[in-house]
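Counting starts at 1 for both ligands and their atoms, following the listed order. What you see is a predicted model; the values in this text were computed from it and never measured. Positions are given from 1, in the same order as the sequence printed here.
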Amino acid sequence: MPLLARMVATPLVIDVRRGATKDLPEILADQRISARGRVAIAYGSSCDDVVEGLRERLPVADCFRVDAATVDGAMELAEAIKRSSYDAVVGIGGGRVLDTTKYAAARLGLPMVAVATNLAHDGIASPVSILDQAGHRGSYGVPPPIGVVIDLDQVRRGPVRFVRAGLGDAVSNLSAIADWELSRDVTGEPIDGLAVALARTAAEAVLNRQDDVASDEFLVALAEALVLSGIAMAVSGTSRSCSGACHEISHAIDALFPDKAASHGEQVGLGAAFAYHLRQDHERTDQIITFLRRHGLPVRPADIGLELDEFAAAVDFAPQTRPGRFTILEHLDLTPEQVREQVHGYVAALDR
Ligand SMILES: [Zn+2]
C-alpha cells in the first residue's frame with residue numbers, strides 16, 4: 001500500500017525555557033548542527049552581553065553585529081559570512097535580526113538557528129523574512145530555521161510591550177483564517193487544513209488563558225503559539241493562515257504613517273478587531289477586544305496615535321499592500337466614504 005502522507009519540514013529543535021541561550025553549544029552539538037561550534041553568530045545591538053557570555057563557550061564561532069533590517073544589510077552580512085566556512089548561521093535578537101539572518105543564511109545555503117530574545121511577532125520559526133528595500137518593506141520567502149531557541153530570561157529582560165505585541169500577532173491568526181475561508185467560499189482559493197489547524201490552535205491557546213504575561217506558563221504558551229504560527233506558514237508555503245486584512249491594514253499604516261507606526265503585533269491586533277467588525281461577527285469582535293484590553297493592547301486608532309481619518313485612510317489603502325490576497329476588505333470593496341462610516345461605527349461600538 002502506498003504511504004500517502006505529506007512530509008513536513010520542521011525545526012530539529014524547539015527549546016523554550018529560562019536560561020536556554022547558555023546551552024546553545026550543547027543544542028548545536030546534540031542536534032548535529034555543529035559539533036565543534038563553528039558557526040557565524042549574527043546579533044543585534046541589545047544582545048552584546050548575551051554574545052559576550054557565549055564567546056567562551058563557543059570559541060571557534062565568529063560574531064557579526066546586525067543593525068537595520070534591510071536587504072542591503074542582509075547581503076552585507078552574507079558577504080561577510082561567506083569569507084569563511086561555517087556549519088550554520090545563528091541569529092540572536094528580535095525580529096529584525098532574525099529576518100536579516102534568515103535572508104543571509106538563505107543566500108548562502110546554510111542552515112539557520114533562531115535564538116529569539118522577544119516574543120513580539122510570529123517570524124521566529126517562519127519561512128518569511130521582512131526587510132526594507134529602497135524605502136519599501138517587503139516579505140521574502142526563505143527556508144525556515146532548523147533550530148528555535150527562546151530564552152524566557154531574555155524575554156523578561158525586554159520591555160513588556162514586546163511580549164504583549166506577540167499576543168496581537170498570535171490572535172490575528174483567527175482573522176487571517178476567516179479571510180482565507182472567505183476566499184475559499186467566494187473565489188475557490190484552495191485552503192490548507194493543516195496550516196489552519198496549527199494557526200487556529202495557536203491563537204485559541206493564548207486567547208482562552210486566564211493568566212497573563214506575568215506568568216512563565218503564559219510566556220511558554222505564547223512562545224509556542226508563535227512557533228506553531230511560523231510552522232503553519234512553512235507547511236502551506238504561504239502566510240495565509242497568519243496574515244489577512246489585519247496585516248494589510250498594518251502594512252498600510254507602516255506605508256502611510258511611518259513616523260506613527262506602532263509595533264507590528266499591536267497594529268495587527270487592532271486590525272483583527274476591526275476586520276471582525278467589518279464581518280459583523282459581534283461575538284468574535286467582543287472576544288478579541290476584551291482580550292486586547294485585558295493585555296493592555298491597542299483597541300482604538302488613537303491608542304496607536306492615529307486620528308480616525310488616518311486609520312480610515314490606512315484601511316482604504318490596505319488592499320494595495322498585498323495585491324492578489326482576498327480578504328474581507330477586497331470582498332466588501334468599500335468606497336472611502338463607507339470605510340469612514342465603518343471606522344466611526346467601530347469606535348462608537350467600543351464606547352457602548
Ligand atoms: Zn504578523
Side-chain angles (χ1 to χ4, degrees), residues 69 93-100 102-103 114 116 118-132 137-142 144-145 148 150 161-180 192 195-196 198-207 221-255 258 261-276 288 291-292 295 297-298 304 314-315 318-319 321-322 325 327-329:
R96 294 174 153 273
V97 173
L98 298 185
D99 283 357
T100 306
K102 273 191 233 173
Y103 190 92
N118 71 45
L119 298 177
H121 58 93
D122 63 17
I124 298 168
S126 78
V128 182
S129 178
I130 298 181
L131 298 171
D132 291 338
R137 185 157 293 175
S139 295
Y140 302 88
V142 291
V148 175
I150 300 173
R161 206 179 139 206
F162 284 1
V163 179
R164 294 189 176 133
L167 292 169
D169 212 8
V171 91
S172 76
N173 290 359
L174 298 172
S175 179
I177 292 166
D179 284 328
W180 205 1
D192 187 320
V196 167
L198 289 166
R200 181 149 43 208
T201 304
E204 296 281 8
V206 290
L207 186 63
L222 172 58
E224 290 174 347
L226 297 172
V227 169
L228 281 181
S229 301
I231 292 174
M233 295 186 239
V235 301
S236 58
T238 164
S239 60
R240 233 1 187 133
S241 58
C242 305
S243 167
C246 47
H247 278 60
E248 289 186 338
I249 292 170
S250 175
H251 296 317
I253 294 170
D254 291 340
S263 75
H264 173 80
E266 291 172 325
Q267 292 179 175
V268 299
L270 168 60
F274 181 71
Y276 272 114
I288 301 280
F291 172 83
L292 296 176
H295 292 288
L297 282 158
I304 54 170
V315 172
T321 65
R322 281 281 180 279
R325 182 154 292 194
T327 76
I328 187 68
L329 297 173

Any N/O/S atom from [X] (main chain or side chain) under 2.8 Å of the Zn ion (ligand 1)?
{"X": "Asp169", "result": "yes"}
{"X": "His247", "result": "yes"}
{"X": "His264", "result": "yes"}

Worksheet item: Got a sec, which residues hit side chain to side chain contact (heavy atoms under 4.5 Å, CB included) with Ala275, two or more places apart in sequence or on another chain?
Response: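 Residues passing side chain to side chain contact (heavy atoms under 4.5 Å, CB included) with Ala275: Ser175, Ala245, Arg279, Ile328.
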Discussion item. Just to verify, what does Arg137 make a salt bridge (charged side-chain N to carboxylate O under 4.0 Å, His left out) with, not counting sequence neighbours?
Written reply: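 Applying salt bridge (charged side-chain N to carboxylate O under 4.0 Å, His left out) to Arg137 gives Asp132, Asp254.
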Worksheet item: For the atom pair OG (Ser243) and CH2 (Trp180), what is the distance rounded to the nearest 0.5 Å?
Response: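 Those atoms lie 11.0 Å apart.
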Item to complete: Could you tell me whether Arg96 and Asp99 make a salt bridge, using a distance below 4.0 angstrom between a side-chain N and a carboxylate O?
Response: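 Looking at Asp99 together with Arg96, the answer is no, because their closest N to O distance does not fall below 4.0 Å.
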